[in-house]
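Residue numbering restarts at 1 for every chain, and letters A, B, ... go by the order of the sequence lines. Just so we're clear, the structure is a prediction, and the values are computed from it rather than from any experiment. Side chains are part of it too, since the values below use all heavy atoms of this structure and drop only hydrogens, waters and symmetry mates.
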Amino acid sequence: MSDTVPNQPADSGMVSEYKVDGPFWGALKRDLLLSYRRKSDLVNPLIFFLMVATLFPLGVSPDPGFLADVAPGVVWVAALLATLLSMDSLFRSDFEDGTLEQILLSPQPLYMVVLAKVLAHWMLTGLPLTLLAPLLGVMLFLPADGMSGLVISLLLGTPTLSLVGAIGAALTVGLRKGGVLISLLVLPLYIPVLIFGSAAVQGAVTGLPLGGYFAILGAMLSLGLVMAPLAIGAALRISVSG
Amino acid sequence: MAEKKWMPRWFYQLASPRWCYEITGKLLPIFAIAAVATLLVGTVWALAFAPADYQQGNSFRIIYIHVPASILAQSCYMMMAVAGAIGLIWKMKVADMVAKACAPIGATIAILSLATGAIWGKPTWGSWWVWDARLTSMLILLFLYLGIIALNSAIENAQTAAQSTAVLALVGLVNIPIIKYSVDWWNTLHQPATFTLTERPAMPSEMWVPLLVMVIGFYCFFAVAMMLRLRNEIIQRERRSSWVRDLITG
């Protein structure tokens, strides 16, 4: 995997230099750079997020009271679907140009590389979604008290969505049509995050203490951080060898 | 070559599709007879002789289908995940086939559990469907099964399909307690579990003994259905080996 920084002289690739770089930072830098060069892909999930949220007032009711009631769930479902939509491309281009095979063959720990790729994915979808969410909250008349709950719950919940979604992406990367299949595999696994995420926002609106919700979302994130890269790695090996 | 004595011999024999085909051939009639007998006895006992519930009258009798189906749907997932793990770790073809055979049976049983639950819910709760915790987690279990079946049928290579579904089944296995807990927390209206291992059931013995017979009957039925599918799968995958050819040509 060519993850050296271009402006470094070629002969400076000493052991110490590589340690600073490392497989994790190398993979992270590479993925961020690649998506920076294809900026339109970055914006698409965000536009989708906005559009889904727009459908609800149009399709159900523009009544502010009603919208305020459903806003926590709608924003969370929209964020979940936007993450899911962006999931299919996570490993696909690497799979198609053979990079994935090289990553699997390289002596670097797959766990770290996978974690870096998922982190890059989250920084490019989950994080922007979280930052955009208050705008949707305003559009859907979410009470101002709910905003902090919305942002923090998305901040804790969207990384878990990226981690779990990456398992589905890794399992389907070898298939020509992964799109719908990914949703079938991953959506049931997203349910706990959705339940606690939207409950945290509702709790924030009604003024309940939020520590418990955030603790559970954080627990799911920690479990995901430890376990998901193992499953993603195993799934990638199966998909590439199959 | 005596260093692997810690695993019993039958475990290695299970890895041989041929041995597995022969042993299931012998076990199949035993389980089939047991399934027919227990299901027949259980059904007649439950429908005709068990006392009616003092609150729900005769409508509670659907419990004799609903509870065994719900228990079986969950243990079937467990079996599928364990078989998948064995297939991943020991590269055992038969374990892959067992996992593949479990998925459609489990999905069907989950549908049966949901359907009987809905039919039971109509007279008891007044509606076909309630967004209650245990109904919802059974529905999610069905979704997990459907995802596994979809993934298995999307991958053409049998070995890759088996490994991929095994990974997905294991991920689902880790998630089932989390899903169950979060859905429980989210909403609960359903009565608590009928059977627990540690406590005596709250219903009188005239009611739960036939239920136990039905549960055993469902497990025997599952064993029969699973072995039939497994034998089918073995024959299909081993169709090029000489013993299958001999079997077909006689």
Side-chain angles (χ1 to χ4, degrees), chain A residues 73 157 160 163-200 202-203 212-213 216-217 219-224 226-242, chain B residues 77 81 84-85 87-89 91 96 103 106-107 110 131-133 135-188:
Chain A
T160 318
L163 283 163
V164 174
I167 302 175
L171 284 170
T172 54
V173 72
L175 303 172
R176 201 159 292 275
K177 288 178 202 155
V180 186
L181 191 59
I182 257 197
S183 325
L184 289 186
L185 309 185
V186 166
L187 273 180
L189 306 175
Y190 275 178
I191 287 167
V193 183
L194 174 70
I195 288 176
F196 284 100
S198 57
Q202 259 151 8
Y213 302 110
I216 290 174
L217 285 172
M220 289 198 272
L221 175 57
S222 335
L223 188 70
V226 176
M227 308 273 278
L230 297 174
I232 300 166
L236 284 178
R237 283 191 199 285
I238 294 165
S239 287
V240 169
S241 67
Chain B
Y77 192 93
L88 271 184
I89 296 165
K91 310 271 180 234
D96 289 345
W131 284 102
D132 141 76
L135 269 79
T136 312
S137 43
M138 184 54 76
L139 185 64
I140 298 168
L141 185 69
L142 174 64
F143 290 161
L144 289 176
Y145 275 125
L146 295 181
I148 283 168
I149 295 170
L151 182 64
N152 204 324
S153 56
I155 304 175
E156 276 167 30
N157 182 327
Q159 203 193 345
T160 317
Q163 289 177 337
S164 298
T165 44
V167 169
L168 185 64
L170 286 173
V171 172
L173 190 66
V174 174
N175 264 278
I176 280 177
I178 302 174
I179 293 172
K180 202 164 168 46
Y181 170 74
S182 44
V183 171
D184 271 349
W185 179 90
W186 165 70
N187 189 0
T188 191

Residue B/Leu146 versus chain A: region with a heavy atom under 4.5 Å = neither
In Å, rounded to the nearest 0.5 Å, how long is the span from CD1 of B/Ile155 to CG of A/Leu181?
-> 8.0 Å
Among B/Leu139, B/Val174, B/Leu151, single out the residue with the greatest number of heavy-atom pairs under 4.5 Å to chain A.
-> B/Leu151
Hey, what do you get for CG (B/Leu168) to CG (A/Leu171), rounding to the nearest 0.5 Å?
-> 6.0 Å
Kindly indicate whether the side chain of A/Ile238, heavy atoms from C-beta on, has any atom under 4.5 Å from the side chain of B/Leu88.
-> yes
Are the side chains of B/Ile178 and A/Leu223 in touch, meaning some heavy atoms are under 4.5 Å apart?
-> yes
Between chain A and each of B/Ile140, B/Ile176, B/Val171, count heavy-atom pairs under 4.5 Å; write down the option with the most.
-> B/Ile140
Contact summary for B/Ile179 and A/Pro192, nearest pair of heavy atoms = CG1-CG, 3.7 Å
Could you tell me which of A/Leu185, A/Thr172, A/Leu184, A/Ile216 has the largest number of non-hydrogen atom pairs under 4.5 Å with chain B?
-> A/Leu185
Relative to chain B, which segment of A/Ser183 carries a heavy atom at a distance below 4.5 Å: side chain, backbone, both, or neither?
-> neither
Using non-hydrogen atoms and a 4.5 Å limit, figure out which bit of B/Gln159 sits close to chain A: side chain, backbone, both or neither.
-> neither
In Å, rounded to the nearest 0.5 Å, how long is the span from OG1 of B/Thr136 to CD1 of A/Ile195?
-> 8.0 Å
Nearest 0.5 Å, what's the CG-CG distance between A/Leu189 and B/Leu144?
-> 6.0 Å
With a 4.5 angstrom heavy-atom cut-off, which part of A/Ala231 approaches chain B: side chain, backbone, both or neither?
-> both
Which value, rounded to the nearest 0.5 Å, describes the distance between A/Leu175 atom CG and B/Ser164 atom OG?
-> 7.5 Å
Heavy-atom distances under 4.5 Å only: say whether A/Leu187 touches chain B with side chain, backbone, both or neither.
-> neither
